Amino acid sequence: MEQRDGYVKHISFHSPETGFTVLTLSLKGTGEELICVGNFPVLDEGEDICVYGEETNHRIYGQQFTVNSYEITEPATEDEMVRYLGSGAIKGVGTALAQQIVDAFGTDTFLVIEREPERLTRLRGIGEKRAQEIHDRYVEKLSMRNTVMYLQQLGIPLSMALRIIDRYGENTIAVVKTNPYRLAEDISRIGFRTADEIAQRIGGFDDTEYRDCACLLYVLQQALSFGHACLPESSLLSHMQEYVAGIDEERLDLIIRNATIDRKIRTVTESDSDGNPVRYIYTTRCYATEQMIARMLADIDAGRPIREISESFYYSATAELGTELDETQRRAVFEAVSHGVFILTGGPGTGKTTTINAILRVFEKQQRKVLLAAPTGRAAKRMSEATGRDAMTIHRLLECRKIDESAQGDDRGMFQRDESNPLEAEVVIVDEASMVDMFLMRSLLRAVKPGATTLILVGDANQLPSVGPGNVLRDILASEAFSSVCLTKIFRQEEASDIVLNAHRINRGECPSLDNQSRDFFFLARSDAGKIRERIVRLVRDELPKYVEATPYDIQVLTPMRKGELGVERLNKMLQDALNPPSRDKDETVIGDVTFRVGDKVMQTRNNYMLERDEYADNGFTIIRSDTGVFNGDIGVVKSISADRSQMEVIFDRRFRVFYQDKEMEDLEHAFAMTIHKSQGSEYPAVVMPLLSGPKPLLSRNLLYTGVTRAIRCVTILGEASTVRQMVSNNEEFKRYTGLRESIRREVQYE
């Protein structure tokens with residue numbers, strides 16, 4: 001690693017969020033200028049620094065010095081002090097005033113500004129107010145610098161340090177010294193182990209109440225990422241023991257009691273299948289969310305804005321459908337109009353769309369205003385195409401708005417529609433309801449007015465549950481508290497695709513046909529992961545686009561897992577190299593350890609309600625409206641990357657564009673391949689699934705079923721038939737711990 005010393009002559013670019021900076025360094029001794037690029041969280045023109053890194057040759061910008069680390073050195077001479085103060089680092093102090101101050105106080109200048117600012121008033125042109133302003137600005141910069149340096153001395157990476165400072169401001173050092181475990185509780189992407197390592201470096205935090213409570217809350221927070229709303233006490237104990245030695249049942253009971261007193265958690269005791277009591281532990285937020293969902297569903301159903309229909313009215317309303325509904329579909333229509341809450345479920349080819357259209361026509365003939373929504377943009381678009389009516393995402397339905405990031409992930413305040421400003425509709429129909437997690441369902445229900453609005457949830461209960469926490473649709477169905485109809489008959493079976501037929505075979509626990517006698521369902525037997533990867537490339541790049549009349553980017557590779565030889569990460573790197581190789585004509589940037597370049601297929605990995613988006617007309621050129629919000633699972637293509645690599649433009653679904661700045665890019669990942677779980681609510685012309693081996697929870701029937709039903713024209717499975725059979729026979733889903741079913745039953749019984 002090379003070293004360069006000098007002063008910052010000019011800063012060309014600086015990102016306050018990431019610290020990424022492009023600057024000109026005037027080298028000591030020679031005065032030669034050197035372009036430096038790197039992360040400098042706190043730096044001003046005129047400051048003396050020592051940088052460590054290596055010289056590189058950028059293909060566009062030529063010779064530059066890539067900085068890995070740096071140190072700010074205090075100006076030692078009077079000339080250096082004048083240069084720093086006069087550089088604009090202290091607002092309101094120019095070169096002339098800087099010279100006057102240094103002439104008066106010499107090498108004690110900075111001590112005077114920091115500790116005795118009243119002495120500045122002896123100089124011409126500096127009154128008490130101006131002296132205080134100079135002091136405040138100098139101390140503020142000194143505090144920021146000291147805070148960053150303190151955090152970095154604790155081994156905290158720069159990007160993390162900036163998030164910590166953004167959360168706690170001038171209180172950062174005090175918070176970290178007093179209780180470093182707050183970091184795991186308050187700041188996303190900082191886990192308990194990181195906070196624990198920081199605590200160990202500071203010292204004095206072993207086996208404290210802070211540590212135990214932080215561990216408990218962290219385990220519960222991690223459980224959310226696996227879909228759990230709560231954890232049974234035994235599971236909570238085993239997970240906490242992975243982080244903190246010496247925790248036993250007695251000590252856990254004490255931790256739970258203390259956290260309950262502090263109102264950070266809630267506990268619920270239920271009987272298991274054998275009648276034994278089991279205590280479930282919730283964060284306060286998750287407990288309140290389940291209770292709100294149960295109460296609001298009960299209120300909406302009890303309100304029952306019913307306008308029952310006669311047989312003649314039904315036939316009059318559905319006459320233009322062009323098809324006659326069977327008895328189960330007809331029952332669904334009558335149930336939908338005579339209950340406050342109604343759930344319609346069914347697999348592919350069972351007539352859900354026809355039934356929804358019939359329900360729509362009945363409501364419209366009753367002159368009731370209907371709103372249609374779905375969890376994702378793609379699902380909403382499909383719903384609109386199937387019904388011939390406008391449909392929107394749930395987030396747009398609820399009028400998502402910009403919020404303060406300090407909301408800490410709670411949906412409350414993210415939407416303009418709630419109980420004080422409910423949806424102006426008499427009927428709300430939500431498709432792909434299995435994708436709706438507990439927090440989004442809570443926000444939706446808050447905007448539905450009991451006694452005035454009917455809520456209809458439509459979905460396939462055999463698909464995977466939501467990516468977010470909860471098992472909402474299944475819990476609502478399992479409560480048996482609300483009217484529901486499940487469609488099972490496959491219409492026009494003789495005309496149905498093998499994708500549909502095999503999906504229903506899988507759902508019944510039968511192995512799909514793997515004899516390759518089909519035109520849209522193929523199985524390529526392979527047992528070597530390397531050969532499977534090679535074949536995937538040929539399928540996606542060369543063969544399937546012609547077969548299904550689509551582009552390689554429309555072909556979706558779906559896999560059960562993220563890691564491993566056939567995991568998302570390995571496949572994405574391989575497919576990026578094959579479909580979008582590096583080129584002198586394509587700008588690229590590195591985020592973490594992943595290279596993104598213009599032309600890459602990418603996916604948003606978390607809901608970001610703050611991001612601004614410009615929506616296009618059908619021609620793809622005219623911007624018709626601006627909005628906010630990009631959501632987990634949205635897929636797009638990188639259109640451009642700025643020269644300083646601080647901004648990335650992404651076009652999503654050929655419908656809207658988003659400009660990502662700095663740390664926002666961390667929420668993107670490649671989407672040439674994705675997990676089957678992430679594909680929910682989407683459909684693709686062709687799906688390619690490598691199925692070779694993996695953990696049992698990731699090789700389940702509903703995972704296979706969900707993957708197969710994502711395809712419109714073609715499914716290709718590569719791997720071993722034994723793995724496919726294993727998935728079909730494995731109907732033991734990964735257990736999600738939720739209490740919504742019981743909460744609904746208690747609420748309805750109470751009502």
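Here the structure is a predicted model, which is why all the values come from computation and not from measurement. Residue numbers start at 1 and run along the sequence shown.
- Between the side chain of Y553 and the main chain of G599, a donor-acceptor pair closer than 3.5 Å is present.
- Judged by distance alone, with hydrogens and angles left aside, the side-chain atoms of Q241 form a donor-acceptor pair with the main-chain N or O of I247 at under 3.5 Å.
- Panel note: side chain T605, backbone D667; a donor-acceptor pair is recorded below 3.5 Å.
- Taking the six-membered ring for Trp and the full ring otherwise, F110 and Y138 have centroids separated by under 6.0 Å.
- Residues Y181 and D196 bring a donor and an acceptor atom of their side chains to less than 3.5 Å of each other.
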Legend entry - salt bridge (Lys or Arg N to Asp or Glu O under 4.0 Å) evaluation trace for D79 with R83: CA-CA 6 Å; D79 287 343; R83 185 181 66 234; over 6 Å; no
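- Judged purely by distance below 3.5 Å, without hydrogens or angles, the side chains of E185 and Y210 never pair a donor atom with an acceptor atom.
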Legend entry - Residue pair I265, I256: steps toward the side-chain contact (heavy atoms from CB on, under 4.5 Å) verdict: CA-CA 8 Å; I265 65 167; I256 290 173; 3.8 Å; yes
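- When the options K678, R562, K601 are evaluated for a salt bridge (charged side-chain N to carboxylate O under 4.0 Å, His left out) with E669, the one that passes is R562.
- Around atom CZ of R201, more than 12 heavy atoms belonging to other residues, nucleotides or ligands sit under 6.0 Å away.
- Seen from the ring of F105, R122 does not count as a face-on cation partner, given the 6.0 Å and 45° thresholds.
- Side-chain contact of Q576 with N572: a donor-acceptor pair under 3.5 Å is absent, judged by distance alone.
- Of the options K639, Q661, M665, a side-chain contact (heavy atoms from CB on, under 4.5 Å) to M648 is made by M665 and by none of the others.
- Aromatic ring centres of F20 and F40: separated by at least 6.0 Å.
- Looking at Q604, its side chain does come within 3.5 Å of a backbone N or O of R606 through a donor-acceptor pair.
- A side-chain donor-acceptor contact under 3.5 Å links N580 to the backbone of V598.
- Between the side chain of T178 and the backbone N or O of V175, no donor-acceptor pair lies under 3.5 Å.
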Legend entry - Evaluation steps, salt bridge (Lys or Arg N to Asp or Glu O under 4.0 Å), between E569 and K563: CA-CA 6 Å; E569 295 174 6; K563 304 288 185 181; 3.1 Å; yes
Inset, instruction - Would you check, one step at a time, whether the test salt bridge (Lys or Arg N to Asp or Glu O under 4.0 Å) holds for R4 with E32? - result: CA-CA 11 Å; R4 300 288 187 274; E32 294 180 7; over 6 Å; no
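- Taking 4.5 Å as the limit, every side-chain heavy atom of E33 sits out of range of all side-chain heavy atoms of H10.
- Looking at D437, its side chain does come within 3.5 Å of a backbone N or O of F439 through a donor-acceptor pair.
- Put simply, the side chain of T284 gets close to the backbone of K264: a donor and an acceptor are under 3.5 Å apart.
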Legend entry - Derivation and outcome, salt bridge (Lys or Arg N to Asp or Glu O under 4.0 Å), residues K28 and D5: CA-CA 6 Å; K28 279 189 177 179; D5 297 281; 5.8 Å; no
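- No side-chain N or O of S642 forms a donor-acceptor pair with one of Q647 less than 3.5 Å apart.
- For T66 and T56, the side-chain atoms include at least one donor-acceptor pair closer than 3.5 Å.
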